[in-house]
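What follows is a single structure, written as structure tokens, with notes after it.
Given the structure is predicted, the values throughout are model-derived calculations rather than measurements.
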Amino acid sequence: MANIVLVVGTKRWSSWSLRPWLALKQSGLAFDELVIDLRRADTREKILIHSPSGKVPVLKNGPLTVWDSLAICEYVAELACAVPLWPENKGARAVARSISAEMHSGFPALREHLSMDVCQRLPLPELPDAARADITRISALWNECRSHFGAGGPFLFGRWSIADAMFAPVATRFDTYGVPLDAVSAAYVEEVMAQPAMREWIAAARRDAGLA
Ligand SMILES: N[C@@H](CCC(=O)N[C@@H](CS)C(=O)NCC(=O)O)C(=O)O
């Protein structure tokens with residue numbers, strides 16, 4: 001059994017859990033995972049056994065507990081010093097942290113109206129202006145990152161970084177609901193969805209949901 005345990009929520013729905021799970025996969029560090037079913041009467045009680053915030057994800061490493069997706073990603077980046085999880089260039093790294101923080105604290109309308117479900121293809125609902133504005137802002141961010149920093153690979157900063165983990169659940173939402181996107185954003189969504197780790201998460205989500 002690995003020392004590191006990542007406690008996550010139901011994989012089809014838990015967008016916050018997907019982010020550090022992808023970072024851990026990318027890091028190559030060994031870890032075990034524990035899935036807690038969300039949307040059940042005993043969900044909160046079960047999460048509280050592991051997480052002081054009453055939310056997942058939470059990472060445990062021996063006596064240490066780290067909660068909140070972005071803090072976990074940062075901790076994983078420090079542990080995995082042989083595999084850079086942030087861009088190496090200081091300016092690119094600062095922008096990667098800015099967009100990750102913007103994702104972490106923003107886009108509430110998008111989250112509310114296009115909730116994550118990696119097991120389904122769903123019709124695009126009528127969206128309020130706030131959700132449309134979120135989509136426009138995210139597409140602009142992706143275009144900017146790809147054009148300024150993306151030369152070295154297919155991800156936002158070329159090589160994969162934590163910024164890609166932070167936006168991965170958004171890519172799944174755009175895919176699930178068939179959100180119309182510009183060519184750069186559409187290509188980026190395709191890239192994120194094709195990552196082996198993402199395929200693995202979705203396959204597990206389908207199994208857990210009894211769909212595979
Ligand atoms: N800011 C937190 C948000 C975590 C969060 O809201 N997690 C949801 C699941 S995706 C949760 O644990 N909800 C509690 C519940 O469903 O009872 C983070 O970044 O980790």
Does [X] pair with [Y] as a salt bridge, N-O distance under 4.0 Å?
{"X": "Arg12", "Y": "Asp117", "answer": "yes"}
{"X": "Asp37", "Y": "Lys46", "answer": "no"}
{"X": "Arg97", "Y": "Glu74", "answer": "yes"}
{"X": "Arg132", "Y": "Glu126", "answer": "yes"}
{"X": "Glu33", "Y": "Lys11", "answer": "yes"}

With a 3.5 Å distance limit and no angle check, can you tell me whether [X] reaches the backbone of [Y] through a side-chain donor-acceptor pair?
{"X": "Arg173", "Y": "Leu114", "value": "yes"}
{"X": "Asn143", "Y": "Ser139", "value": "yes"}
{"X": "Thr43", "Y": "Arg40", "value": "yes"}
{"X": "Arg207", "Y": "Ala212", "value": "no"}
{"X": "Arg159", "Y": "Pro84", "value": "yes"}
{"X": "Ser14", "Y": "Thr10", "value": "no"}
{"X": "Asn89", "Y": "Ala92", "value": "yes"}
{"X": "Tyr177", "Y": "Thr172", "value": "no"}

[atom1]/[X] to [atom2]/[Y] distance, rounded to the nearest 0.5 angstrom?
{"X": "Gln195", "Y": "Met193", "atom1": "CD", "atom2": "CE", "value": "9.5 Å"}
{"X": "Ser98", "Y": "Met103", "atom1": "OG", "atom2": "CE", "value": "14.5 Å"}
{"X": "Asp68", "Y": "Tyr75", "atom1": "CG", "atom2": "OH", "value": "15.5 Å"}
{"X": "Ile4", "Y": "Leu6", "atom1": "CD1", "atom2": "CG", "value": "9.5 Å"}
{"X": "Trp201", "Y": "Lys25", "atom1": "CH2", "atom2": "NZ", "value": "11.0 Å"}
{"X": "Lys60", "Y": "Leu34", "atom1": "NZ", "atom2": "CG", "value": "8.0 Å"}

Item to complete: Sort out for me which residue in Val76, Val5, Leu79, Thr65 forms a side chain to side chain contact (heavy atoms under 4.5 Å, CB included) with Leu59.
Response: Val76
Might you point out which heavy atoms bring [X] and [Y] nearest each other, and give the distance in Å?
{"X": "Leu156", "Y": "Ala163", "result": "CD1-O, 4.1 Å"}
{"X": "Ala101", "Y": "Leu70", "result": "CA-CD2, 4.3 Å"}
{"X": "Ala23", "Y": "Leu85", "result": "O-CD1, 3.9 Å"}
{"X": "Ser27", "Y": "Val83", "result": "O-CG2, 3.6 Å"}
{"X": "Leu48", "Y": "Gly54", "result": "CD2-CA, 3.7 Å"}
{"X": "Pro20", "Y": "Cys73", "result": "CA-SG, 3.8 Å"}

Item to complete: Examine Trp142 together with Phe174 and report whether their ring centres are nearer than 6.0 Å.
Response: yes
Should [X] and [Y] be regarded as members of a common hydrophobic cluster, given that ILVMFWY residues are connected when their side-chain heavy atoms come within less than 4.5 Å of each other, either directly or indirectly?
{"X": "Val179", "Y": "Val170", "value": "yes"}
{"X": "Leu181", "Y": "Tyr188", "value": "yes"}
{"X": "Leu124", "Y": "Ile135", "value": "yes"}
{"X": "Trp13", "Y": "Val192", "value": "no"}

Worksheet item: Hey, mind stepping through Ser161 and Phe155 against side-chain contact (heavy atoms from CB on, under 4.5 Å) and telling me if it holds?
Response: CA-CA 8 Å; Ser161 78; Phe155 294 106; over 6 Å; no
Practice prompt. Dump the intermediate steps for side-chain contact (heavy atoms from CB on, under 4.5 Å) on Leu38 and Val56, then the final yes or no.
Written response: CA-CA 9 Å; Leu38 300 176; Val56 283; 4.1 Å; yes
Worksheet entry | Heavy atoms of other groups near Glu45 CD, more than 12 under 6.0 Å | no
Practice prompt. Using the side-chain contact (heavy atoms from CB on, under 4.5 Å) rule, take Trp86 and Ser100 through it: C-alpha gap first, then chi angles, then the decisive distance, then the call.
Written response: CA-CA 11 Å; Trp86 288 111; Ser100 297; 3.7 Å; yes
Worksheet item: Can a donor-acceptor pair be found between the side chains of Asp134 and His113 at a distance below 3.5 Å?
Response: no
Practice prompt. Classify the side-chain pair Ser185/Asp182 by whether it contains a donor and acceptor separated by less than 3.5 Å.
Written response: yes
Worksheet item: Yes or no on side-chain contact (heavy atoms from CB on, under 4.5 Å) for Ile72 and Trp67, after CA distance, side-chain angles and deciding distance?
Response: CA-CA 6 Å; Ile72 298 170; Trp67 62 98; 5.6 Å; no
Worksheet entry | Arg19 to Trp16, cation-pi by 6.0 Å centre distance and 45° axis angle | yes
